[in-house]
Protein chains: 2
Amino acid sequence: MQMAEAGSIAKAAPGKPNRQSQISRQIRELEQFFGTELTRRKGKSLSLSNAGERLALLIREQLQDLEDFRKEQAGLPKSFVIGAGASVLEWLLVPALPAISRHLGGATLMTDVHRSRSLGEAVRDGRVDLAIIRQDAVPKGANTVLVMKMGFHLCVPRVLLKRGTTERDAANSALWQTLPFAAGRDGGQTDTAIREAMRSAGVDFRPHFECGSMLQVRQLVELGASAGILPTLGIRGLDEKKVLITPFVPLRDFGRVLVLHWNPRQMRRRGLETSDLKKLAAMIADQQKA
Amino acid sequence: MQMAEAGSIAKAAPGKPNRQSQISRQIRELEQFFGTELTRRKGKSLSLSNAGERLALLIREQLQDLEDFRKEQAGLPKSFVIGAGASVLEWLLVPALPAISRHLGGATLMTDVHRSRSLGEAVRDGRVDLAIIRQDAVPKGANTVLVMKMGFHLCVPRVLLKRGTTERDAANSALWQTLPFAAGRDGGQTDTAIREAMRSAGVDFRPHFECGSMLQVRQLVELGASAGILPTLGIRGLDEKKVLITPFVPLRDFGRVLVLHWNPRQMRRRGLETSDLKKLAAMIADQQKA
DNA sequence: ATCAATCATGACTGTGAAGTCAGGTATTCT
DNA sequence: AGAATACCTGACTTCACAGTCATGATTGAT
């Protein structure tokens, strides 16, 4: 009996209602064995209780340890799961992956896209080993090291501007009102902050394109189809000849700090020291500067 | 498949040759799964290879963790295995057990008698959580705290002495030659040292009683049947009116240091800090003084 | 009240690991 | 060489768990 799925809402995993009975029974058996409630009723559905979460965490760790042992014996590299938001992943993390893997002794790396909030949970319960995450999305300063500070930039394709428009002109919010914009629509903090900033700058912000992620915003900017507000990460590689890039003043003080976040127990068990993690963070930051 | 017995020489465990085939097969399956040799041939018998030892350790830890979880959920106290040599256990540890248990939140304590040498191994591979052991029997100063220094004492029942014999008289090795002695015969370092010291004091040491442990030596002393050399621990409770007790000069500089020794991984996993362990050591030492 | 969703329970089947037995092979000792 | 020891292998039985299906119970929404 291998803990069915170690975590998350019982039935939710497979669409098959067949297995549901099995899972129900297995949970009951586990509860008998451990003499404790592992689930909690929430309306008509079940979720894991504290004890259940702890057991799930424990089992995940144990399986992970066995897997690590197997890999090590087979001479294979260990593997780590690294999580981040979509844009951080694409713009910051992926370019750094080869260097990270090298530093971890050729480890196999798996990336995992998460929203900030669920990333914290994922790290806490060991589904994700490392995460690049906004500092304000993790509970405390512990188990994090700073990677970089991130600002926001107004990016306007020059084809959308009158010839001769300067960066200073572009800082004028009156101009913004006339531009077609692309913006995120994921309801995340960044998205919300941008819309809020626009409003407080007196702009009636009605993006022409509302995208699921900032990646698509950048593509639209590159295509010359619309302007957009991009984080520092996302302006790398944009052609200054084609796109006018200027700091987005309303969010000047909104600088987000990205940190590398990890679960201390996990890392100890898997043989990574804080010094290693600091090095990793530095490597990731370097990648951005290069 | 539950790892048959996690450790020690495969067949040695049960006297049943039936099961041996099973164990053999199970080891083969494990080796297939992990893609590595878990055993090493030594003549005609098998012993665990390094990988095997590591896996056994890992499994023991995992089972221990599950057991801890179960106990915690059931509101039961955790349990710890404390090891020591027979005399240390009897004279030093057992009296301190109630206080130790109290300090560990009412933990269940299991004692385990070991020779010094195997104690170190037992701690290292997690069969024993805590040990009271001679400092020189553990590899380094790490993971230990001092409990007490131990000297040796010559103990002679007064019925074996002429009336009026003083402690000063008893320090004369010429007297010793005339006394019936009890001594250990366990071949341990302490035993050897005593015999060696006797010889270098010019005594032809031929104990009348050769005992499996110092506990029996003490009993013989109490009975008035023979003299004996007892460690500091062992003289507590001897009646000075009936037994003449005096430092055993030849071993004056042989003072043994007893330390509390633990496995750092174990303790971290099980929620004990170094400060707790220091306190335990102090409690054990206090017990002796009281 | 009715219906849908969600979980619990009982009965049954199939698979595979655990266990047992009956020989094997290799090594060591005398 | 012959016996004893320690382990391996194959064939078989037993048993527990995974998996499936049908159905009941509880809860929430309409």
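Both backbone and side-chain heavy atoms feed into the values below; hydrogens, waters and symmetry mates do not. Chain naming here is simple, since letters A, B, ... match the order of the sequence lines and numbering starts at 1 in each.
- Between the CZ atom of B:Arg28 and the P atom of D:dC7 there is a distance of 15 Å, rounded to whole Å.
- Checking C:dA18, D:dC8, D:dA18 against the side-chain heavy atoms of B:Gln26 singles out C:dA18 as nearest.
- The two residues B:Gly85 and B:Val113 make their nearest non-hydrogen contact at C-CG1, 4.3 Å.
- Separating the CG atom of A:Leu48 from the C1' atom of C:dC7 is a distance of 14 Å, rounded to the nearest angstrom.
- Within the 4.5 Å cutoff, the side chain of A:Leu55 has heavy atoms near those of the B:Leu66 side chain.
- Taking the six-membered ring wherever Trp is involved, the centroid distance between the rings of B:Phe181 and B:Phe209 does not fall below 6.0 Å.
- Phosphate contact (OP1/OP2 of C:dC7, side-chain N/O of A:Ser24, threshold under 4.0 Å): absent.
- At a threshold of 4.0 angstrom between heavy atoms, the contacts of B:Arg25 include nucleobase atoms, whether or not backbone atoms are also involved.
- C:dA18 atom P lies 16 Å from atom CD of B:Gln20, rounded to whole Å.
- Going from atom CZ of B:Arg41 over to atom P of C:dA26 covers 10 Å, rounded to whole Å.
- Between the side chains of A:Ser79 and A:Lys71, a donor-acceptor pair is found at a separation under 3.5 Å.
- Atom pair A:Ile23:CD1 and D:dT20:P shows a separation of 11 Å (rounding to whole Å applied).
- A straight line from CD of B:Glu29 to C1' of C:dG16 spans 10 Å, rounded to a whole angstrom.
- Rounded to whole Å, the distance from CD on B:Gln22 to P on D:dT9 is 14 Å.
- Checked by distance alone, B:Ser21 brings no side-chain donor or acceptor within 3.5 Å of a matching partner on the base of D:dC7.
- Between C:dC7, D:dG10, D:dG19, one nucleotide has an atom nearer to the side chain of A:Leu46 than all others, and that is C:dC7.
- When rounded to the nearest whole Å, the span between CD of A:Glu37 and P of C:dA8 equals 10 Å.
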